[in-house]
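Side-chain atoms are counted along with the backbone in the values below, which use heavy atoms only and exclude waters and symmetry mates.
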Amino acid sequence: MSRILLALLLGATVVHAADQTILGTQLVVKDPGAAEKRKVTGKAKEKASPDTLVGDPTADGATLTVGAEGGTPSEQTFELPQGTNAKGKPFWSGDATKGFKYKDAKGENGPVTQAAIKKSGKGVFTISFNAQGKRGPISIVPPNPGEGGCVLLELTGGDSYSVRFAPGDGKVTNKTSLFKITNPTDQGTCVAPSTTTSTSVVTTTTTITTTSSTPTTVVTTSTTVTTTSTTTSTIGTTSTTTTPTTSTTSTTGTTIFAGPAFPPVGGDVQFSFTGNAANAGGADVSLFDFSPTTWTALYWGPGGQNVPAAGLDGQNHVLSTFLGISGGDTVATWEGTSPWTNPGDMVVHDVPIRFTLTIAAGGLSFEPSTGVPDLDPGPGTGIDVVIDVAPAGTATNFTTNWAFTADIPTDASGFIPLADVPQVGGGGLTSSFGGGFYSQQ
């Protein structure tokens, strides 16, 4: 949960090169105590990959950004330029068919001594890198405790390649001097959304009635609300804070929700994440120890209209159909479809996928986002449902369960966990959900 995978906010469209997601193998961060002994390595290997190599680092170079998530997250970007070393040998070699390799054994450009990206003729996509503190400064250290991480290789002038190690997905090793996460089952992006600014004019009408003999006085206030959404990223750890500012033409104003953000704007909250949303039983996400404890209004819900999303073809597809609230207002369900190739006969089907969000503890309930004034329409427009975290003004600890399921035609038992869907070559399952707080203090 990249501090509970958040965001995707309001905003203008920005054109970027494509980001392709590759299934990770391992991410290792070592810090024996001396800065020159630090090491960071990462690998990815995806069989039968639909991804392609776009870009030429031998001509344009590349950048590598690595992040480790947890108690004390850290992130660093390394430049991997084209050009030649002191002996006249190029740092980058290869082509799109053979793959590209980067080699800087002496650390002339920094601590990354080796990097590689390749797609074989059999469709196996691989990425690897090695960074050593003795060849240059490394600021990435074990998060203590570590939960996840991300590796983003960007080919200048081409595509970027995300290797996501999501919290709760894979085997994690935590020691004082070592953080290691291996063999995640899902892919995900390391690219955070852009900062956007939007300005709108909100007109509020206040009716003041005095006595029956006095005419009704109507005060109209024109309020300009500038909402600046600032996104910071420990690649894969995306926190979005939306700060509204208002300027009014009279003494009457209107209150606008801040968010979505995690933690809530102006406050803090602790969290825990267990399980995997694609596996049987899903993932339990608990939110607790709110500070401050009292709020004028505090809601939690989807972080935008781009989640939930999932896919059986290596790509995320937004589950845009909201099926409603059920289970005594404790269950919210979304549905969409994804192409799926039957490994038995290689026939492609359009398969229904569901995301079920359940309030597992806390005694709270879902309510339509459209029922909350200033939220929808507002910063929570189109998110379908929210949980009122502070119905009596005091924030309540609560737990939600996230579960992705699919109804494939070769299985007669109905919707089954996403991870149980047979795959051609593996690496095709993807899923994404991000929750955020909408708040007024």
### Message
Quick one about Ser369 and Asp376 (side-chain donor to acceptor, distance below 3.5 Å, no hydrogens or angles considered), yes or no?
### Response
yes
### Query
Any idea which heavy atoms bring Ile181 and Gly148 closest together, and the distance?
CD1-CA, 4.1 Å
### Query
So which pairs with a foot in residues 91-103 pass side-chain hydrogen bond (donor to acceptor under 3.5 Å, both in side chains), sequence neighbours left out?
Tyr102-Asn109
### Query
What is the minimum heavy-atom distance between Ala278 and Asp186, and which atoms define it?
CB-OD2, 3.9 Å
#### Entry: Ion pair check, Glu335 and Arg354, cut-off under 4.0 Å
yes
### Task
Decide yes or no for Phe179 and Thr173: does some side-chain heavy atom of the first lie under 4.5 Å from some side-chain heavy atom of the second?
no
### Query
For Tyr299 and Val389, what are the C-alpha separation, side-chain angles and deciding distance, and is it a side chain to side chain contact (heavy atoms under 4.5 Å, CB included)?
CA-CA 5 Å; Tyr299 291 86; Val389 180; 5.7 Å; no
### Task
Would you name the heavy atoms of Gln305 and Val318 that are closest together and state the gap between them?
O-CG1, 3.5 Å
### Query
Does the side chain of Pro50 come within less than 4.5 Å of Asp313's, by heavy atoms?
no
#### Entry: From Leu80 atom CG to Leu153 atom CG, the distance as rounded to the nearest 0.5 Å
7.0 Å
### Message
A quick test of your reading: do over 12 heavy atoms of other residues, nucleotides or ligands sit less than 6.0 Å from NZ of Lys43?
### Response
no
### Task
Among Thr41, Leu27, Ile22, find the one that has a side chain to side chain contact (heavy atoms under 4.5 Å, CB included) with Val151.
Leu27
### Message
Can you tell whether the side chains of Arg164 and Glu69 come within less than 4.0 Å, N to carboxylate O?
### Response
yes
### Query
What distance separates Ser365 OG from Asp388 CG, expressed to the nearest 0.5 Å?
7.5 Å
### Message
What's the separation between atom CD in Glu46 and atom OH in Tyr161, rounded to the nearest 0.5 Å?
### Response
11.5 Å
### Query
Do Trp334 and Asp384 have side-chain N/O donor and acceptor atoms under 3.5 Å apart?
yes
### Query
Quick one: are the ring centres of Phe437 and Phe262 less than 6.0 Å apart?
yes
### Task
Measure up the Phe355 and Trp402 rings against each other and bin them: parallel (under 30°), tilted (30 to 60°), perpendicular (over 60°).
perpendicular
### Query
Can you check whether Phe91 reaches Asn85 side chain to side chain, under 4.5 Å on heavy atoms?
yes
### Query
Just checking, any donor-acceptor pair under 3.5 angstrom between side chains of Thr189 and Asp19?
yes
### Message
Looking only at the side chains, is there a donor atom on one of Gln114 and Ser128 sitting less than 3.5 Å from an acceptor on the other?
### Response
yes
### Message
To the nearest 0.5 Å, what is the distance between CG on Asp407 and CD1 on Ile416?
### Response
8.5 Å
#### Entry: pair Thr126-Val124: side-chain heavy atoms closer than 4.5 Å
yes
### Task
Report the C-alpha separation of Gln26 and Thr182 in whole Å, then their side-chain angles, then the decisive distance to 0.1 Å, and conclude whether the side chain to side chain donor-acceptor pair (under 3.5 Å) test is met.
CA-CA 4 Å; Gln26 72 172 22; Thr182 61; over 6 Å; no
### Task
Might you point out which heavy atoms bring Lys119 and Gly123 nearest each other, and give the distance in Å?
CE-CA, 3.8 Å
#### Entry: Verdict with reasoning, Asn316 to Thr430, per side chain to side chain donor-acceptor pair (under 3.5 Å)
CA-CA 6 Å; Asn316 270 330; Thr430 62; 2.9 Å; yes
### Task
Quick one: do Val386 and Glu367 satisfy side chain to side chain contact (heavy atoms under 4.5 Å, CB included)? Show the steps, please.
CA-CA 6 Å; Val386 290; Glu367 58 183 276; 4.1 Å; yes
